[in-house]
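Start at 1 and go down the list; that is how both ligands and their atoms are numbered.
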Amino acid sequence: MAKPKVATASLAGCFGCHMSVLDIDERILKLVELVEFNKSPINDIKKFTARCAVGLVEGGCCNEENVRVLQDFRRNCDVLISVGECAIMGGVPAMRNTLPLRECLEEAYLKGPTVHNPAGRIPADADIPLLLDRVYACSEVVRMDYHLPGCPPSADTIWEALVALLTGKPLKLSYELVKYD
Ligand code: SF4
């Protein structure tokens, strides 16, 4: 029988949530028996080649490319999961949401104490994805089916969620897996 397919993406994140996926240690061998990875930075497959049962999304949307990737995941995945605080609420990148975008760019490229920019230009090449006015949580852009909290969610949390979804069981995570105090 064909294995269910899983895709993963890192949008405006730090790859810490992907590290947590790999942190499931020897269970990664069981995971490979259970699923086949499709589009993902883990295997460097860049385009969907089949419909996926589950899509794991790290990071929120800070630019137009993030939005395109997230919409692509929504189209190609039956179940879409926000993995970690950046995907759920914008996380650290969303700290810029308290300032106008112009001010952020000026601080980063013109006025910051470590900036050396004799040309005094803010990068605006057509190849650079356009920044959005603010950082958006994934659920503000497309419908997300589940949210796994944490920064990052623990390997156990990701493992329990994936196994439940892929074996058709209800996704009921214990308090220990989702508490952060
Ligand atoms: S939730 Fe934490 S670990 Fe995950 S991408 Fe954001 S900052 Fe990195």
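- With salt bridges taken as basic N to acidic carboxylate O contacts below 4.0 Å, one links Arg68 and Glu65.
- Shortest contact from atom 1 (S) of ligand 1 to any protein heavy atom: Glu85 N, 3.4 Å.
- Ligand-side atoms of ligand 1 in range of Glu58: 5 (S), range being under 4.0 angstrom from any heavy atom.
- Remark: minimum distance from atom 5 (S) of ligand 1 to any protein heavy atom is reached at Cys14 N, 3.3 Å.
- Looking only at protein heavy atoms, the nearest one to atom 2 (Fe) of ligand 1 is Cys151 SG, 2.3 Å.
- Of all protein heavy atoms, the one closest to atom 6 (Fe) of ligand 1 is Cys86 SG, 2.3 Å.
- A salt bridge does not link Arg102 with Asp133: every distance from a Lys NZ or Arg NE/NH1/NH2 to an Asp or Glu carboxylate oxygen is 4.0 Å or more.
- With hydrogens left out, the protein atom closest to atom 4 (Fe) of ligand 1 is Cys17 SG, 2.4 Å, a heavy atom.
- No more than 12 heavy atoms of other residues, nucleotides or ligands shown are found within 6.0 angstrom of OH on Tyr109.
- Because its NZ or CZ atom is both nearer than 6.0 Å to the ring centre of Tyr136 and within 45° of the ring axis, Arg134 counts as a cation-pi partner of that residue.
- Between the Glu103 side chain and the Pro100 main chain, no donor and acceptor come within less than 3.5 Å of each other.
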